[in-house]
Protein chains: 2
Amino acid sequence: MSAWEELLAQAGHRVTEPRRLVMQLLLASETPLSPQTLFESARVQHHNLGLVTIYRTLELFESLGLVCRVHLKDGCHGYLAVSPGHHHFVICERCGGSVEFPGGDDLRALIADIEARTGYRIEEHLLQLLGLCPNCQGK
Amino acid sequence: MSAWEELLAQAGHRVTEPRRLVMQLLLASETPLSPQTLFESARVQHHNLGLVTIYRTLELFESLGLVCRVHLKDGCHGYLAVSPGHHHFVICERCGGSVEFPGGDDLRALIADIEARTGYRIEEHLLQLLGLCPNCQGK
DNA sequence: CCCTTATTGATAGTTTTTTTCAATAAGAAG
DNA sequence: CTTCTTATTGAAAAAAACTATCAATAAGGG
């Protein structure tokens with residue numbers, strides 16, 4: 001039983017075929033996947049899968065912190081599997097590939113600075129970088 | 001003629017009533033506004049305004065960097081006026097109020113670090129913080 | 001292996017966004 | 001100030017994205 005399956009079960013949710021498929025696809029993908037894409041891919045294996053289930057599954061996964069909704073350049077939503085504790089991605093504008101990176105001291109310093117300046121108490125952050133991956137540079 | 005109007009004109013676009021209204025509303029608002037909200041508010045003054053125009057206007061403004069699409073906690077889109085050069089916001093999770101902050105040295109350091117680590121060439125970033133504004137803390 | 005109940009898929013509905021096209025109005029030119 | 005060109009608009013309709021409802025199914029505890 002993989003880590004996320006245990007997490008699911010421990011939270012009182014069932015490990016089902018559709019959920020397994022969605023997670024498999026997300027874990028295997030470098031690029032963020034849209035609900036629609038997930039639907040089409042998963043459907044290949046689970047013939048009578050409903051799109052609704054994808055939405056529900058993503059919502060559940062997100063609420064458990066297994067998955068992260070990211071924002072593509074055109075404003076559409078995509079989902080990426082998240083390794084525990086890290087929630088930041090660099091996304092390649094050309095090929096869509098993504099790499100997760102840890103929010104290190106720089107980010108902590110930045111947040112502390114902003115709390116001091118604005119008086120806001122910061123509880124969550126969304127940091128996403130867009131650029132070109134090594135492969136797509138110079139092409 | 002305000003700054004953004006000049007920018008519009010210089011880019012070869014016309015300064016029209018709907019565009020003036022949308023920008024006015026965005027400039028006057030502390031909180032991100034959705035296309036729908038903008039539509040309803042602007043309609044009060046411009047009686048036969050079409051929702052389509054809002055979408056087109058926001059798209060145009062965004063392409064000119066006058067406006068920034070931000071992502072609310074529930075995943076919906078909102079738009080905020082952007083002062084030139086700055087593109088970061090802290091948004092209050094309780095009242096929706098927002099404050100823009102400059103991406104300072106910390107952020108530059110962070111980005112340089114990530115470029116070194118991942119090999120990506122970073123061209124754009126989206127940093128958004130969620131928290132509680134001074135007013136809403138402790139309530 | 002059975003039973004309870006979370007989960008699913010089909011259907012239908014709502015909301016959001018895009019497309020198309022004739023009518024309108026901004027702003028350059030006279 | 002008036003005329004002309006053409007970007008922009010609004011209405012209507014369509015497509016896409018997402019949500020709600022509910023009977024049928026299947027996960028997993030007993």
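In the text below, chain A, chain B and the rest are named by the order of the sequence lines, each starting its count at 1.
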- Query: Taking protein heavy atoms under 4.0 Å as touching, what does nucleotides 25-30 of chain C look like 5' to 3' if B marks base contact, S marks sugar-phosphate-only contact and - marks none?
  - Reply: BBS---
- Note on the structure: Protein heavy-atom contacts under 4.0 Å, written 5' to 3' over nucleotides 15-21 of chain D as B (base), S (sugar-phosphate only) or - (none), form the string --SSBBB
- Task: Consider only side-chain heavy atoms of I, L, V, M, F, W and Y, link residues closer than 4.5 Å, and tell whether L7(B) and V15(B) are in one cluster.
- Result: yes
Rounded to the Å, how far apart are [X] [atom1] and [N] [atom2]?
{"X": "H46(B)", "N": "dT9(D)", "atom1": "NE2", "atom2": "C1'", "answer": "8 Å"}
{"X": "R43(B)", "N": "dT9(D)", "atom1": "CZ", "atom2": "P", "answer": "15 Å"}
{"X": "N48(B)", "N": "dA11(D)", "atom1": "CG", "atom2": "C1'", "answer": "10 Å"}
{"X": "L38(B)", "N": "dT17(C)", "atom1": "CG", "atom2": "P", "answer": "12 Å"}
{"X": "E40(B)", "N": "dT16(C)", "atom1": "CD", "atom2": "P", "answer": "9 Å"}

- Task: Please give the angle, rounded to 10 degrees, between the axes at the start and the end of the helix from dC1(C)-dG30(D) to dG30(C)-dC1(D), where five pairs define each axis.
- Result: 50°
- Using a 4.0 Å heavy-atom cut-off across all strands, classify H47(B) as base, sugar-phosphate, or nothing. nothing
Donor-acceptor check, side chain of [X] to backbone of [Y], threshold 3.5 angstrom: yes or no?
{"X": "Q137(A)", "Y": "L132(A)", "result": "yes"}
{"X": "E115(A)", "Y": "I122(A)", "result": "yes"}
{"X": "R19(B)", "Y": "R14(B)", "result": "yes"}
{"X": "T37(B)", "Y": "L33(B)", "result": "no"}

Are any of the side-chain heavy atoms of [X] and [Y] separated by less than 4.5 Å?
{"X": "S34(A)", "Y": "Y79(A)", "answer": "no"}
{"X": "Y120(B)", "Y": "L129(A)", "answer": "no"}
{"X": "F101(A)", "Y": "D113(B)", "answer": "no"}
{"X": "S98(A)", "Y": "V90(A)", "answer": "no"}
{"X": "P18(A)", "Y": "H46(A)", "answer": "yes"}

- Item | Name of the residue among T57(A), T53(A), L51(A), I54(A) meeting side chain to side chain contact (heavy atoms under 4.5 Å, CB included) with L38(A) | I54(A)
